[in-house]
Amino acid sequence: MLRMADRACPLRVMVAHVHRGGEDKVPRIAQQRSARSSKYPLRGGRGASRQMERTMTRNRRHKAEIHAHQTASGTAYLEARRQITALAEVMQQHPRLNSFGIGVFDPLRKTAEQRRTDLAAGREELAGGVAMVMETAAWLRENITPIRTPAASSYSVKHVMERATGRYVTNGEFIAAALVAGYTFKYAQPNVLFGMSARDLKRMN
């Protein structure tokens with residue numbers, strides 16, 4: 001039988017029940033709390049702060065890139081962001097794409113470390129060529145009809161465009177532009193074959 005003091009304090013009742021040989025409820029509650037804690041860890045702490053700081057740094061860097069491209073190309077902020085995102089997505093889909101093309105120059109004569117270094121440098125250079133990639137993509141859309149079968153080499157077609165426009169473009173920038181423009185493709189390393197109208201290419205030549 002419970003005393004008045006026990007009724008006033010439910011926790012005391014529970015502890016008293018344990019001491020009297022009743023069910024082990026207190027340890028069970030502790031176990032449940034421990035299980036919940038392991039399932040849902042605290043979100044604070046030094047690790048979360050570092051992650052937030054890295055995210056903020058990436059966001060600031062990304063915004064700076066957008067503003068720089070916006071100034072260089074004269075496009076609106078949202079359009080500049082769309083163009084940078086389009087190139088970034090193509091580069092993510094093609095991890096060996098860089099300013100040289102697909103892969104690096106003369107790979108058999110280089111060590112694995114040299115190939116990694118060259119690839120990283122070439123990808124950084126390509127990422128900085130957003131304006132040229134987008135100009136090339138726009139020119140391709142306006143002048144070269146897409147076809148299903150990829151047979152036109154990126155290296156050959158880039159020279160066609162250079163003669164027609166008077167603008168130099170790297171092989172990698174041309175490949176990225178054609179991928180952004182949505183042409184069918186097939187690797188022919190270090191170049192890429194694209195589905196482009198032979199009649200249009202002959203006309204531009």
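Nothing here was measured: the structure is a model prediction, and the numbers come from that model.
Taking OG1 of T136 as the start and CZ of R141 as the end, the distance is 11.0 Å to the nearest 0.5 Å. Rounded to the nearest 0.5 angstrom, D118 CG and E113 CD are separated by 10.0 Å. Residue Q93 holds its CD atom at 8.0 Å from CG of L179, rounded to the nearest 0.5 Å. R203 CZ to S197 OG: the interatomic distance, rounded to the nearest 0.5 Å, is 8.0 Å. Q92 contributes atom CD, which lies 11.0 Å from atom OG1 of T85 (distance to the nearest 0.5 angstrom). Atom CD1 of I147 and atom OG1 of T145 lie 9.5 Å apart (nearest 0.5 Å).
The two residues M196 and A178 have their closest heavy-atom pair at CE-CB, 3.8 Å. Annotation for M161 and R167: closest pair CE-O, 4.1 Å, computed over non-hydrogen atoms. Scanning both residues, A181 and A137, for their nearest heavy atoms gives CB-O, 4.3 Å. When all heavy atoms of R115 and P107 are compared, the closest pair comes out as NH1-O, 3.2 Å. Residues V157 and A152 approach most closely at CG2-CB, 3.8 Å, considering heavy atoms. Pairing each heavy atom of G129 with each of E173, the nearest pair is CA-OE2, 4.0 Å.
No side-chain heavy atom of R96 sits less than 4.5 Å from a side-chain heavy atom of Y187. For the pair I175/N171, a side-chain contact is recorded, criterion being any heavy-atom separation below 4.5 Å from C-beta on. Contact of the F194 side chain with the S154 side chain is registered, since non-hydrogen atoms from C-beta on lie closer than 4.5 Å. With a 4.5 Å cut-off on side-chain heavy atoms, K110 and F105 count as touching. Side-chain contact between V192 and F174 is absent, with no heavy-atom pair separated by less than 4.5 Å. Side-chain contact between F100 and L126: absent, with no pair of heavy atoms (C-beta onward) separated by less than 4.5 Å. Side-chain contact between V169 and E162 is present, with heavy atoms from C-beta onward closer than 4.5 Å.
One hydrophobic cluster, built from ILVMFWY side chains closer than 4.5 Å, cannot hold both L119 and I102; they sit in different ones. In the hydrophobic clustering of ILVMFWY residues, with side-chain heavy atoms under 4.5 Å counting as a link, L140 and F185 come out together. No single ILVMFWY cluster, assembled from side-chain heavy atoms under 4.5 Å apart, contains both Y168 and M134. Each of V90 and L193 belongs to its own hydrophobic cluster when Ile, Leu, Val, Met, Phe, Trp and Tyr are linked at side-chain heavy-atom distances under 4.5 angstrom.
Residue Q189 qualifies as enclosed at atom CD: its count of foreign heavy atoms under 6.0 Å is above 12. More than 12 heavy atoms of other residues, nucleotides or ligands lie within 6.0 Å of CZ in R163, so this atom counts as buried by the packing criterion.
For the residue pair Q83 / E79, a side-chain donor-acceptor distance below 3.5 Å is found, with atom types taken as modelled. No donor-acceptor contact under 3.5 angstrom links the side chains of N143 and D200, judged on distance only.
The aromatic rings of H159 and Y155 lie perpendicular to each other, with more than 60° between the two planes, well past the 30° mark.
With hydrogens and angles ignored, the 3.5 Å screen pairs a side-chain donor or acceptor of N98 with a backbone N or O of G103. With R123 contributing its side chain and L97 its backbone, the two residues share a donor-acceptor pair below 3.5 Å.
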